[in-house]
Structure formats: C-alpha cells, structure tokens
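To find a chain, count down the sequence lines: A is the first, B the second, and so on, and within it residues start at 1.
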Protein chains: 2
Amino acid sequence: MNAAHMEVLIVEDDLLHRIYLREQVSAALPECDTIFEAENGAQGETLARAHRTAHIVMDLQMNARNGIEAARTIWLERPDTRILFWSNYADEAYVRGVSRIVPNGAAYGYVLKSTSEERLKLALRSIFVENQCVIDNEVRGMQQRSFAQASGFSESEYEILMDIALGMTDRAISKRRHLSLRSVQNRLQQIYSKLEVHQPPETLREDGAFNLRARAVTVAMMRKLLNYGALEKAEAELQSWLKGS
Amino acid sequence: MNAAHMEVLIVEDDLLHRIYLREQVSAALPECDTIFEAENGAQGETLARAHRTAHIVMDLQMNARNGIEAARTIWLERPDTRILFWSNYADEAYVRGVSRIVPNGAAYGYVLKSTSEERLKLALRSIFVENQCVIDNEVRGMQQRSFAQASGFSESEYEILMDIALGMTDRAISKRRHLSLRSVQNRLQQIYSKLEVHQPPETLREDGAFNLRARAVTVAMMRKLLNYGALEKAEAELQSWLKGS
DNA sequence: ACCGCCCTTGCGGGAACCCGCAGATTCGCG
DNA sequence: CGCGAATCTGCGGGTTCCCGCAAGGGCGGT
C-alpha cells in the first residue's frame, strides 16, 4: 500500500450522492490524489478495467447495470480490488447477492446511505488503507438472520424460489437443478411454510383460495428476499441455461 | 393566491435530496416564507394536515408510506392541494398510480430527479403560482403508451394482473371482480399475450415449459408495470376485501 | 448391527390451470 | 330493426399443481 498515492473510483448514478461521495472521499483520504466517477455499472466496469483502480465505492441499484453485476466482473478480473458498497437498503436480496460474489480474502464493505458522515469516513479508511471489512450493523443483522435457520433459506431453496419466480414449471426446475420432480415439490412446500404461505387455514370462506406458487413470489418480494435486480440476474441466467442445454 | 405568503411542504426521505429541494424551492419561490419538511409519507400527511399546506413537493418511493398513498389521503381531505411529484423513475406503475388518484381540476406535476435545475424551478413556479400541470416528457410518453392500446392494459386487466400477482386463484378473482370463472381466464389470456408470455413456441425442448401465471407476474415486474409499492397497496386492498366479505 | 432421523423418490388423487369450441349476450351503427 | 363485432359464459379435456402416504438410502449414535 502506497500511502502517497491512491486512486478511487466512484460508481453512483445519483448526481447529488456522487458529489457527496466525492467530498467524503477526499476528506477521509488525503492520500487519494485521483477520483474517477461513473454513473452506472457498465461505465464502472470500463473505468475499473482501464485504470486498474484498486479502490471502488459504489451503489447497488443502478439503471444500466447494477452494482452486484459490476462488482462480480470486476472481482473476477482482479480479486484483490477493495469495494465499498453504499446502498439505500439492506434487503436480504442485496446482502445475499454481495456475500455470494465476494472472493475470499478480499476486503469489502457494506454501509447504508443513512449512516453518518463519520461512519462513512471510518469505513473508507478501514477498507481502503487498513484492508479490513466493514459491515453496517443492520446489514450484519440481516446476514445472520439470513444464514441462520430462523426463517432463513438454504441456498438451494433460494435457487428454487427464483425459479418459480421466473415462471418455471416443476418439471423444468427438476431438470435444471437435477432433482426428481417430487423433490422439487418438497422444497416448494418448505418454501411455502417458511414464507408462511398457506391456504386460509381455519377459514370458512372458500373465496380466499390462494395459488401458493404465485403468492410465494410476491410474499418473498414484500419481505425483500427478492428484488428487481435479483430477478433480472436470474432471468439472464435462465436464458443462458436455456441456450446451453 | 397570496403572492406575499406561501408555505411549502417537502416530503422526501433522502437527506441530500431534501437539502437540494429546500434550496431550489427557496430560489424559485421568493414569496415562499416557510418550508416544512417530512422524511416519509406518514409524517408528510401529518404535517400537511396540521399546517394545511396547499403546496407540496414529494418523492414517490419512501419507506414508511409511499408518496402515492400519502397523496391520496391528502387529496381526499383537500382536493385543491397542489402536489409536485419528484421521482427517480417513470415506471408505468407510478404513472398509473398517480393519474388514478389526482382529483379532477387539481394542479399537479411529475418531474424526474434527473431533470435540470431550470426545469425543476420552472415546474415549481408553474404548479404553485400558475396553478398549471407540468408533466415531464418521459412521463408523458409513458402515459400515452399506457392508456393507448399499444401494449397497454385496460384498467380491468390491470386489476386482474394485480390479483394473480397476489396469488389469488381464478375462482377467487371471479368472486372479487364479479365475473364468471371463464371470463377471468379469458382476461388472463389477453394478459399473457400482451406481455408476450407464452410457451416456448417453436422450441423442440420440452424442458422450457412455463407456468404462465407466475411468469406473467415477473415479466410485468421487469417491464415496470408492477413495482413494490403497487404490490403493497394491492395487498392491503386484498386484506380489507377479505375481511369485508 | 441396529435404530432413529432426515432427505429423496415414486404413486395416486383431488383441485386448479390453460385453452379450444360454441352458444348467448351486449353494444354500436346504419 | 337487423347485422356484425366484441365480449361473456359454459363445457370438456389435457396438463400442471398441491400434497398425503409410504418405500427406500445415507449417517451418526449407543
């Protein structure tokens, strides 16, 4: 680490936030002499590749290409890149997405936009000069709740949840995930029960019948287990799988 | 309209954007002597009621209570309130939501956060002092595409799209919307075709079977026809309908 | 080895879904 | 009023979904 020279790349689509970040970065890191800026994920990848920047702070949830996608390709090319994710929300979909792509040993951070200036500056220094991970408290809580058993989803359940969200049939899922048809259905039932999606249990009305499959998707959406970015990513993967075989 | 006295309420959850709005409002409206601020929809409603503010600028997409919900109750109480919606996106779900609740004759605006300072100031003056509607170009385009026939959804189709998103069965929908079971299914087919959701048409593979119902929901989501806020609202309506009978 | 425990897989059936077909109803227009 | 076009509705059947039941197959423990 060369203390006299540092380049930082900011990837953020909101102008005001970009300006704010620029200020905070140069205030927190006097050794930083160059700041590059991108306003979407695609541009961010290009700049990161062009300048080989080892320090990136970026938003998740951008228009052209979201932060997770961008981070994934950047980390594939240079796994030692240090990335601070700077996000509005701590949705489980985001947290899961990030922790799925971080190379082991890499330093990264995840702080919310609502945190104070001090915490942001601290995070910047911790990650970029101390090479140390910084995860916001709320995000940390989400991580634990997510990977523990408590209403938490195993990786394979999560995959299948995506599959039904994409509109795949049981049989298609069984082919894709190499399971028997019945196993897929078993997993679906686990998913339904973990999401607390069931037919109106003791109800008298026969109106309120639910299509569990469809309901599970929106319940997952409302619980922030799924979000827009995750859907897009899953859709892309599905398409390439359909081509692949 | 008293030119020497004006109160404006800003409803916006993002601190930076709130500060920016504050500046722009006082720059564009010298006659404005008081600015109230709220950081979510619920607080916005309270302040609007307390101060009887006739001029509001607010974000859609906030945590506690989104802009559309807040605007709806505010307009129910005082239909002549002037509201400028200031949003990141021109999703069809938002546009549709707004134009569904605006009282006829009321002045309102819809501008994107990405527009220039000048346009924002202009919109503020147009709505608040000239009492004139201002709709951003991109939003306007969305409106027309939405209400025209071109891949546009009729109101009843839109309702049913929500219903299947919520996981209702065909029969439940038919009860709720007072249609025969078969009619519901007809509408579903229209929806599928408008969303271009169909079984892999010329494909040889039998793997790629789709559950049209589930797929339609996420396609609608990816096309921004549905979004998180719309789902929450629909869910609330569904719950109250279930109670009601 | 024996015994639970958990996960997988198959079978079967009742319900729900997707949809082609055809008669009935509605609505607009000359 | 007549006529066409669009929509609503019922019927039927092929497929998919939801799920209870039960027969295996690993795996750790006493």
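- Not a single side chain to side chain donor-acceptor pair (under 3.5 Å) links A/Glu138 to another residue, sequence neighbours left out.
- Set against D/dC18, C/dC18, D/dT16, the side chain of A/Thr169 has D/dT16 as its closest nucleotide.
- For B/His198 and C/dC17, the NE2 to P distance is 21 Å, given to the nearest whole Å.
- Atom CG of A/Leu212 is separated from atom C1' of D/dC19 by 10 Å (rounded to the nearest Å).
- In this structure A/Glu235 satisfies the side-chain contact (heavy atoms from CB on, under 4.5 Å) test together with A/Leu166, A/Leu238, A/Gln239, B/Arg215, B/Met222, sequence neighbours excluded.
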Contacts under 3.5 angstrom, residues 83-90 of chain A side chains, donor-acceptor by atom type, not counting sequence neighbours:
{"residue": "A/Ser87", "atom": "OG", "partner": "A/Tyr89", "partner atom": "N", "Å": "3.1"}
{"residue": "A/Ser87", "atom": "OG", "partner": "A/Tyr89", "partner atom": "O", "Å": "3.1"}
{"residue": "A/Tyr89", "atom": "OH", "partner": "B/Gln61", "partner atom": "NE2", "Å": "3.4"}

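- Residues passing the side-chain contact (heavy atoms from CB on, under 4.5 Å) test with B/Gln190 are B/Glu157, B/Arg187, sequence neighbours excluded.
- For A/Asn137, the side chain to side chain donor-acceptor pair (under 3.5 Å) test picks out no residue, with sequence neighbours left out.
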| Can you give one letter per nucleotide of nucleotides 6-15 of chain C, going 5' to 3': B for a protein heavy atom under 4.0 Å from the base, S for sugar-phosphate only, - for none? | --SBBB----
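- Remark: C1' of D/dT15 and CD of B/Gln199 are 10 Å apart, rounded to the nearest angstrom.
- Listed candidates were D/dC18, D/dT16, C/dC19. Nearest to the side chain of B/Gln189 is C/dC19.
- Taking atom CE of residue B/Met168 and atom C1' of nucleotide C/dC17, one finds them 16 Å apart after rounding to whole Å.
- Between the CZ atom of A/Arg215 and the P atom of D/dC18 there is a distance of 14 Å, rounded to whole Å.
- Look at CG on A/Asn211: it is 15 Å from P on D/dT16, rounded to the nearest Å.
- Counting to the nearest Å, the P atom of D/dT7 and the CZ atom of B/Arg177 are 19 Å from each other.
- Taking atom CD1 of B/Ile191 as the reference point, atom C1' of C/dC18 lies 14 Å away to the nearest angstrom.
- Proximity of a side-chain donor or acceptor of A/Arg177 to a complementary backbone N or O of A/Val184 within less than 3.5 Å is not detected.
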